[in-house]
Amino acid sequence: SGLVARLAGERRSRVEVLEPLDGAALFEAIEQLVPATPSPTYQAMVQRASNGNPLRIRAAVEILRRRGVPPGIGPDDRRAQGTIDTWSPSTDPVTSWIDGLDRPAQHVLGAVAILAVEFTAMEAAAVSGESGTPVDDALDAGHAAGLVATDGTLYWFTHAVIRDELVHRL
């Protein structure tokens with residue numbers, strides 16, 4: 001788009017193309033998301049669905065969990081065939097994670113998503129028109145859902161796709 005090209009041309013901006021996670025990093029990411037050691041079959045299912053994209057790794061693991069596919073799935077299990085579609089609106093976990101928030105939390109996070117990648121609770125309050133408990137509750141819910149991360153002062157969206165979906169919903 002024109003905006004992306006314009007921003008990429010700015011002296012203060014830098015475009016970084018991230019490579020997909022390799023086998024060892026992919027395995028480590030999956031291990032952090034599942035309660036048991038994943039089988040090679042499970043790892044292959046997640047790799048096919050994610051192509052090494054960390055957000056899509058998380059999405060694939062969530063889809064498999066919802067479908068009742070155990071991390072120890074064997075190669076002969078019929079559920080191991082094919083590729084999981086992590087981009088479909090009907091199965092996209094990003095949509096479900098945001099749907100899991102109540103409307104006020106979606107409003108607060110959506111408002112701040114328009115303005116910034118990193119933000120404070122005060123900035124979230126200012127842009128959303130809310131204050132106090134509703135903002136704190138929204139940030140806590142977003143953090144619990146893995147949509148935002150925090151260091152105790154700043155908050156940031158854990159992935160651009162999450163931020164885009166929040167903005168799209170406004």
Side-chain angles (χ1 to χ4, degrees), residues 1-18 20-21 25-26 28-36 46 49-50 52-69 71 84-170:
S1 81
L3 175 61
V4 172
R6 194 171 72 241
L7 287 173
E10 290 285 324
R11 283 190 359 214
R12 296 176 298 177
S13 66
R14 182 174 81 207
V15 175
E16 291 187 35
V17 177
L18 303 177
L21 295 180
L26 179 81
E28 185 178 334
I30 296 168
E31 274 192 317
Q32 292 176 10
L33 296 169
V34 298
V46 173
S50 69
N53 178 310
L55 180 68
R56 294 294 158 196
I57 291 169
R58 183 175 163 206
V61 167
E62 175 67 18
I63 290 169
L64 291 170
R65 185 195 60 75
R66 282 191 301 204
R67 292 180 181 174
V69 176
I84 302 161
D85 182 5
T86 60
W87 296 94
S88 167
S90 64
T91 59
D92 185 4
V94 172
T95 302
S96 336
W97 299 328
I98 294 171
D99 287 345
L101 300 175
D102 62 21
R103 296 300 297 164
Q106 288 183 32
H107 168 74
V108 169
L109 293 176
V112 77
I114 291 173
L115 197 61
V117 175
E118 291 185 343
F119 54 93
T120 64
M122 289 177 55
E123 290 167 334
V127 300
S128 68
E130 302 288 341
S131 63
T133 303
V135 172
D136 292 337
D137 289 349
L139 295 175
D140 289 345
H143 185 252
L147 304 176
V148 296
T150 183
D151 63 6
T153 303
L154 280 177
Y155 291 84
W156 56 90
F157 292 98
T158 55
H159 199 281
V161 172
I162 292 167
R163 187 171 170 232
D164 290 347
E165 180 63 22
L166 285 161
V167 168
H168 175 74
R169 290 172 176 236
L170 288 179

**Note, I57 side chain near L21 side chain (heavy atom, < 4.5 Å)** = yes
**Message:** Quick check: do V135 and S128 have side-chain heavy atoms less than 4.5 Å from each other?
**Reply:** yes
**Request:** For Q106 and I98, indicate whether the former's side chain and the latter's backbone hold a donor-acceptor pair under 3.5 Å.
**Result:** yes
**For the student: nearest non-hydrogen atoms of A105 and A138, plus distance** = CA-CB, 3.6 Å
**Prompt:** Can you check whether A116's main-chain N or O pairs, donor with acceptor, with R163's side chain at less than 3.5 Å?
**Reply:** yes
**Fill in**
Smallest heavy-atom separation, S50 atom then L26 atom, equals OG-CD1, 4.0 Å
**Asked** Of L166, V161, L147, which is the lone residue that meets side-chain contact (heavy atoms from CB on, under 4.5 Å) with V94?
**Response** V161
**Asked** What's the spacing between Y155 OH and E123 CD if we round to 0.5 Å?
**Response** 12.0 Å
**Request:** State whether the side chain of T120 and the backbone N or O of L154 hold a donor-acceptor pair below 3.5 Å, judged by distance alone.
**Result:** no
**Pairwise side-chain contact, R65 with L33, heavy-atom cut-off 4.5 Å (strictly under)** = no
**Prompt:** Any side-chain heavy atom of D136 within less than 4.5 Å of one from E130?
**Reply:** no
**Request:** Check D151 against T153 and note the closest heavy-atom contact, atom names and distance.
**Result:** OD1-N, 2.9 Å
**Request:** Determine whether L101 and L109 make a side-chain contact, defined as any pair of heavy atoms from C-beta on separated by less than 4.5 Å.
**Result:** yes
**Request:** Taking all heavy atoms of S131 and all of P134, pick out the closest pair and write down the distance.
**Result:** O-CD, 2.9 Å
**Heavy-atom side-chain proximity of E28 to Q32 below 4.5 angstrom** = yes
**Request:** Would you check if R66 and S96 make a side-chain contact, meaning some heavy-atom pair closer than 4.5 Å?
**Result:** yes
**Message:** Do I63 and R67 make a side-chain contact, defined as non-hydrogen atoms from C-beta onward lying under 4.5 Å apart?
**Reply:** yes
**Request:** Give the ring-plane orientation class for F157 versus F119, where under 30° counts as parallel, over 60° as perpendicular and anything between as tilted.
**Result:** tilted
**Complete:** Smallest heavy-atom separation, V112 atom then A124 atom, equals CG2-CA, 4.2 Å
**Asked** Where do I162 and G146 come nearest, in terms of heavy atoms and distance?
**Response** CD1-O, 4.2 Å
**Asked** Would E165 and R169 pass as an ion pair if we require N to O under 4.0 Å?
**Response** yes
